[in-house]
Structures are given as C-alpha cells and as structure tokens.
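When a residue number appears, it is its place in the shown sequence, counting from 1.
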Amino acid sequence: MGPPVREMNDCRKAVKEDCEQLLSRYKKTDSVRFQVFCNIWKESKFEQIFYGTLQHEKRRFSRLLLETAYNYFLPPFSFQIRVGGLYLLYSLFHCQNASPPEQIRVALKDWEDVKKFEKDALNAKHSDVVFIFKQLTFHKAFHFTAMPTLLKFDKKRKFEGSVLSEEFMERASRPQELINIELLEELSNVHDIYEKMKVSVASASEQPPSSVDLIRKDLVPQLRGTVMDFYKWQQRRKEGGGDEDEDSGEGTSSQQDCSRRANLVASIKSKAYGTAAEASKSRRHRQVQVDFTSSVFGPAKPPGRIRIVKPSLKARTNESLDITSDLSEDAPTSTHTSVLTTLDSAPEEKPKQQRRFKL
C-alpha cells in the first residue's frame, strides 16, 4: 500500500468523523427543514473542508466526500438522518472545487430505496426535501453505476469496514414495515368488495345471514391508528420515558425471579429424590428402597403398582436357624444320646396288598 492510499484512508476516517458530528448536531434539532441544516452548516463552516487540497487531489477528495455523505442517504438510517444526508450531498456538490464537478455515484440496486424515500417525503408533505432532491436531479448530480464504489483493474486495496453509528440507526419495527400505505389502500379496496358481496347475498336471501353483522366498518382506520399509537409509544420509550418504570420495577421483578427459581429447584429436587428409578435385572439385589413416609419428601402418594420382593434363600435359611435356636433354648438341658440318635416317629405303615381277581 503506497503513501497516497494510506493518506486517503486517514482522510476517510477524518471525513467520516466530521460528517457524523454535523449530522449529530442536526439530529438534536428534531427537524427536517433545510433552513435548520443551513444554519448548522454555516456555524460549523463546513465549506472550508475543501480548503488546502492540492490541484491533482481535488477530484479524488471530492469523490471521497460524496461517497461518505452518500452512505447516510441510504437505509438503515432513520428518516431524519437520511434527510440530513441528502442536504449534505446537495451542499458538498455545490461547494466542491473540482471542475467539472464530481458526480454522486448511485448504484442501480440503491435507486429503488432512493425513489421510496422521495415518495415518503412527498406523502409526508416535506416540500423542502422533495425540492432539494429535484434540484440534484435537474443538475444531473447523480451518476448511475453498477457498483457503489469505483473499481480498478488489477488493484488490491483493502479498506477498513465502516462501523455504523447506532445513534443514527432507525429502530427496527415490524408493524411499520408490514403495514404501509400501499397495503392499507389494497386492504380497504378488498374490504369494500367483501362488504358489497355480503350485502348482495343477504338481500337475495329471505333470511339474512348473521355474518353480515360481523363486518367491521372501521377496519382500515383502526388498523392504521393502532400502528401509529405503537409508533408514538416507541418514540416515547426511545426518548427515555419508559426507563423510570423499568427501573422502579427492577427490584420487585428480580425478587420474583429469585423466588420462582427457588421453587422450581425445590420441585425438581423433590421429584428426583422422591421417585426411585427401577434398576436393571442384574442390579436388583442392590436396589435402594426409598422411605416415602419421611416428612422430607412431603405427603406420600399411593403407588400405582406394588412390587412384592420374595426373600432370598439365604434370608430364609437364617430365619429357619433363628427358629431352631429359639426351640433349643426351651428344651431340657440334660439329654440322652439315644434321643439324638433315634427319632420319635410313628411306626411305618406297610403298604396294603391289592387283591387280584381271577378272570
């Protein structure tokens, strides 16, 4: 990167800061009048920005100024900043010292946004905005190109991406984007046709349908009024009217969140410890038995299915040994050997012989 390019990048940053400072002062006025912008322009002596440029740098510096100001004329900046960008383009175009004057590069992809901006200004009856735009068109200040910046063959130049100022950004609002003037007009026409069809069907039949009474007469005006109310509320909230309400309820909301979280954690723990997971068949001899009657887990719930576990062989053997030991304690201490060797049992009965009948 050669020295001229590095110097141009430094100038680009300085020019961007100057333009943002001028537009920031214009934004504080909450006005879109050209006279207000002219007063700020004169107080800042912004026309002196062209002073001190060399003869061979006048055109390149004028192109840099117009490219920087053109960025504020496009979305996503607010309507007031875009108006300020238009006024800035008009002033820079007529104050530049390049001869012939450098034109404003307008990409074809941006022309639709420019025409929409003109239509919005015309519908809002901002005559000075429409007049300035018509003047730029009359003096052929726009140069329609395929790309917004000038491209050169076999030149690799990397410019730092410009960071958009959040102060100038328009707050995104889906209702304003969806409900526009064209949509309201189309909706009004469709609503009128639908109402006429309902009335014609009702007049043709003997018993008018009850759905005719459900037609809203003021659908379009009410929809437009709702969107406007939302936009006004959004502006008041943006200016700081809704911050106090949020701050006043911050402590209560945080306490409620903490208590809600604590209750949720307690319920999860009670569910986790209150129900024992069924172990696999290979580990059923080590299954943990949970005491549901404990007060820690709350009131016991009637189980849907009771599982009966049979005692193991070892447990039954120990139980039988305990019974025999208890019987041995009750027996006399002196015993005979014959008692141990013989069993007191009844004489064995001989099996009866079945009689055989001769045939």
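Put simply, the side chain of F37 does not reach to within 4.5 Å of the side chain of V83, judged on heavy atoms. Residues K13 and K16 fail the side-chain proximity criterion, which asks for heavy atoms closer than 4.5 Å. The shortest side-chain heavy-atom distance between S62 and N97 falls under the 4.5 Å cut-off. Residues L74 and V114 form a side-chain contact, since some pair of their non-hydrogen atoms from C-beta on lies under 4.5 Å apart. The side-chain heavy atoms of L54 and F61, taken from C-beta on, include no pair separated by under 4.5 Å. You'll find the side chain of S44 reaches within 4.5 Å of the side chain of R25, heavy atoms only. Between F46 and I40 the shortest side-chain heavy-atom distance does not fall below 4.5 Å. Contact annotation: the side chain of R82 approaches that of P75 to within less than 4.5 Å [non-hydrogen atoms, C-beta and beyond].
Taking the six-membered ring where the residue is Trp, F34 and Y90 present perpendicular rings, their angle passing 60° and hence far from 30°. Aromatic ring orientation, H139 versus H94: perpendicular (interplanar angle above 60°, classes split at 30° and 60°). Y26 and Y87 have perpendicular rings, their planes meeting at more than 60° on a 0 to 90° scale where under 30° would count as parallel.
When all heavy atoms of T68 and C19 are compared, the pair lying nearest together is CG2-SG, 4.3 Å. Across all non-hydrogen atoms, the minimal contact from V129 to A121 is CG1-CB, 3.8 Å. Among all heavy-atom pairs drawn from A107 and M147, the shortest one is CB-C, 4.1 Å. Smallest separation of non-hydrogen atoms from L65 and I49: CD2-CD1, 3.6 Å. Heavy-atom minimum distance, Q103 versus L66: O-CD1, 3.7 Å. The two residues L88 and A69 have their closest heavy-atom pair at CD2-CB, 3.7 Å.
With rounding to the nearest 0.5 Å, the separation of CG in L183 from CG in L223 is 7.5 Å. Of the inter-residue distances, the one linking E102 atom CD with L64 atom CG reads 11.0 Å to the nearest 0.5 angstrom. A distance of 10.5 Å separates CD of Q55 from CD of E57, quoted to the nearest 0.5 Å. Taken from CD in E47 to CG in L92, the straight-line distance is 10.5 Å, to the nearest 0.5 Å. The structure places NZ of K109 at 9.5 Å from OG1 of T145, a figure rounded to the nearest 0.5 Å. Atom NZ of K27 and atom CZ of F77 lie 12.0 Å apart (nearest 0.5 Å).
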Stepwise side chain to side chain contact (heavy atoms under 4.5 Å, CB included) test for L136 and L86
CA-CA 9 Å; L136 288 175; L86 176 65; 3.7 Å; yes

Stepwise side chain to side chain contact (heavy atoms under 4.5 Å, CB included) test for R60 and R63
CA-CA 5 Å; R60 187 169 58 179; R63 185 185 303 122; 4.3 Å; yes

Might you work through the ring-ring contact (aromatic ring centres under 6.0 Å, His included) test for F93 and F142, ending with a clear yes or no?
CA-CA 10 Å; F93 178 77; F142 296 117; 8.6 Å; no

Before you tell me yes or no, could you show the steps for F117 and F79 under ring-ring contact (aromatic ring centres under 6.0 Å, His included), namely the whole-Å CA-CA distance, both residues' side-chain angles and the distance that decides it to 0.1 Å?
CA-CA 8 Å; F117 171 78; F79 183 78; 5.3 Å; yes

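Between K134 and E118 a salt bridge is recorded (basic side-chain N to carboxylate O distance below 4.0 Å).
Atom CD of E112 has 12 or fewer neighbouring heavy atoms from other residues, nucleotides or ligands inside a 6.0 Å radius. Around the CZ atom of F144, the shell of radius 6.0 Å holds more than 12 heavy atoms that belong to other residues, nucleotides or ligands. Crowding of R105 atom CZ: a count of heavy atoms from other residues, nucleotides or ligands under 6.0 Å exceeding 12.
Both F133 and V106 are assigned to one and the same hydrophobic cluster, defined by single-linkage of ILVMFWY side chains at heavy-atom distances under 4.5 Å. Using a 4.5 Å cut-off between side-chain heavy atoms of Ile, Leu, Val, Met, Phe, Trp and Tyr, with links allowed through other members, M228 and F230 fall into different hydrophobic clusters. L122 and I132 fall into different hydrophobic clusters, where Ile, Leu, Val, Met, Phe, Trp and Tyr side chains are chained together by heavy-atom contacts under 4.5 Å. Hydrophobic clustering keeps V190 apart from V220 (ILVMFWY residues linked when any side-chain heavy atoms are closer than 4.5 Å, directly or through intermediates).
Judged as a ring-ring contact (aromatic ring centres under 6.0 Å, His included), and not counting sequence neighbours, Y70 has no contacts.
Although no hydrogens or angles enter the test, the distance criterion places no donor-acceptor pair under 3.5 Å between the side chain of R33 and the main chain of H126. Under the 3.5 Å distance criterion, the side-chain polar atoms of Q80 are matched with a main-chain donor or acceptor of S31. Although no hydrogens or angles enter the test, the distance criterion places no donor-acceptor pair under 3.5 Å between the side chain of Q96 and the main chain of F50.
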